[in-house]
Number of protein chains: 2
Amino acid sequence: MVQIQTLSKNQKIILDIIEKANEPLKAYSILFNVQKKGIKAPLQVYRALEKLIKLGKIHKVESRNAFVACKNSNCEISKATVFSICETCEKVTEISNQKLSKYLKNFHDKTGMTYKKYNLEFYGLCTTCKRS
Amino acid sequence: MVQIQTLSKNQKIILDIIEKANEPLKAYSILFNVQKKGIKAPLQVYRALEKLIKLGKIHKVESRNAFVACKNSNCEISKATVFSICETCEKVTEISNQKLSKYLKNFHDKTGMTYKKYNLEFYGLCTTCKRS
DNA sequence: ATAACGTTTGTTATAATATAACATATTTGA
DNA sequence: TCAAATATGTTATATTATAACAAACGTTAT
Ligand SMILES: [Zn+2]
Ligand SMILES: [Zn+2]
Ligand SMILES: [Zn+2]
Ligand SMILES: [Zn+2]
């Protein structure tokens with residue numbers, strides 16, 4: 001049975017801001033942006049972020065402590081994320097590559113460990129920054 | 001020409017601690033451990049960490065804000081790291097897999113972005129935690 | 001040797017990121 | 001309808017990381 005999840009008020013507000021941004025947002029920058037809407041404390045932001053991550057609506061870009069909306073409809077509920085990050089302009093893009101996903105999903109090493117999730121971040125130069 | 005890099009006093013102290021630990025260490029736990037050796041301030045720790053990372057002696061486990069010694073001699077100076085992380089006991093292991101490394105190193109997407117580095121973290125259950 | 005340069009250190013203060021603890025309210029479902 | 005789960009509000013605090021400045025050290029080229 002597929003669970004239809006309705007978002008709470010705070011969750012909606014915060015998802016909305018993240019979706020409208022075209023860059024990863026930091027928690028305290030989100031907080032600043034929602035203070036006019038009555039969300040006053042860091043914890044309110046972090047709680048919403050945690051839930052949104054669980055639902056796969058957003059991802060955390062670990063190396064940047066920032067949050068982006070998931071643009072990838074077949075992204076398995078936050079369990080498998082791949083990002084490309086420009087080290088010059090900090091542009092972040094979620095990569096959706098079937099072959100790569102399949103490769104990583106099936107990866108297992110000799111230790112016998114079972115992998116439920118992964119996060120991959122590529123760092124480099126975007127085409128814009130390459131030109132300048 | 002291969003550059004022989006001699007570590008400074010603080011860098012040696014901190015690398016030593018990280019190498020002896022069998023788990024990722026957090027910056028402030030390192031700080032606590034080296035206070036008897038005269039390193040008193042966070043910045044002294046963070047500066048040494050930064051240098052050690054650049055030299056490829058240690059890596060940062062991004063999702064844990066923790067630092068581990070590199071166990072992988074053919075790890076290209078901090079440019080390509082793969083970790084397995086047990087979500088139950090937090091055991092972290094650096095994975096050295098030629099095939100995976102080659103695959104990721106050669107990965108490129110349609111955007112034309114050039115990747116200089118990557119970091120991959122697998123999350124799951126280690127064999128010990130699986131049993132209990 | 002010594003000046004110039006880059007690197008490292010020491011130090012104080014502060015910024016940025018994240019969680020603990022507790023009280024209350026709201027929603028969900030048997 | 002009432003218990004359980006989820007969400008909110010609030011204050012305080014913990015954790016992680018950097019800014020800014022001054023001094024010492026190490027290396028290299030005159
Ligand atoms: Zn996604
Ligand atoms: Zn760029
Ligand atoms: Zn390594
Ligand atoms: Zn484990």
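Just so it is clear: chains get the letters A, B, ... in the order the sequence lines come, proteins before strands, and each one is counted from 1.
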- prompt: Can you give one letter per nucleotide of nucleotides 14-21 of chain D, 5' to 3': B if a protein heavy atom sits under 4.0 Å from the base, S if only from the sugar-phosphate, - if neither?
  reply: --BBBBB-
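Between the CD atom in B:Q44 and the CG atom in B:L31 there is a gap of 8.5 Å [rounded to 0.5 Å]. B:K130 contributes atom NZ, which lies 8.5 Å from atom CE of A:M113 (distance to the nearest 0.5 angstrom). Atoms CD and CG, on B:Q11 and B:D16 in that order, are 13.5 Å from each other to the nearest 0.5 Å. Distance NZ/A:K26 to CZ/A:F67: 9.5 Å, rounded to 0.5 Å.
In this structure, B:K51 reaches the C:dT8 phosphate: one of its side-chain N or O atoms is under 4.0 Å from OP1 or OP2. Note on B:Q44: a side-chain N or O is less than 4.0 Å away from OP1 or OP2 of C:dG10. Distances shorter than 4.0 Å separate some side-chain N or O of B:K9 from OP1 or OP2 on C:dG10. For A:S8 and D:dT8, the shortest distance from a side-chain N or O to OP1 or OP2 is below 4.0 Å.
Aromatic ring orientation, B:Y115 versus B:F107: parallel (interplanar angle below 30°, classes split at 30° and 60°).
Going from atom NZ of B:K12 over to atom P of D:dG26 covers 11 Å, rounded to whole Å. Residue A:Q35 contributes atom CD, which lies 12 Å from atom P of D:dT10 at whole-angstrom precision. Note: NZ (A:K37) to P (D:dT8) measures 15 Å, nearest angstrom. In this structure, A:L7 atom CG and C:dT28 atom P are separated by 12 Å, rounded to whole Å. In this structure, A:N10 atom CG and C:dA25 atom C1' are separated by 13 Å, rounded to whole Å. Note: CD1 (B:I39) to P (C:dT11) measures 11 Å, nearest angstrom. Per the geometry, CG belonging to A:L25 stands 16 Å off C1' belonging to C:dA16, to the nearest Å. Here C:dG10 presents its C1' atom at 13 Å from CD1 of B:I14, a figure rounded to the nearest Å.
The listed nucleotides are D:dA7, C:dT9, D:dT10; the one nearest the side chain of A:Q11 is D:dA7.
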query: What do the steps show when you test A:D109 against A:T111 for side chain to side chain donor-acceptor pair (under 3.5 Å), and what is the final call?
result: CA-CA 6 Å; A:D109 61 17; A:T111 68; 2.7 Å; yes
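For B:E90, the CD atom counts as densely surrounded, since its 6.0 Å shell holds more than 12 non-hydrogen atoms of other residues, nucleotides or ligands.
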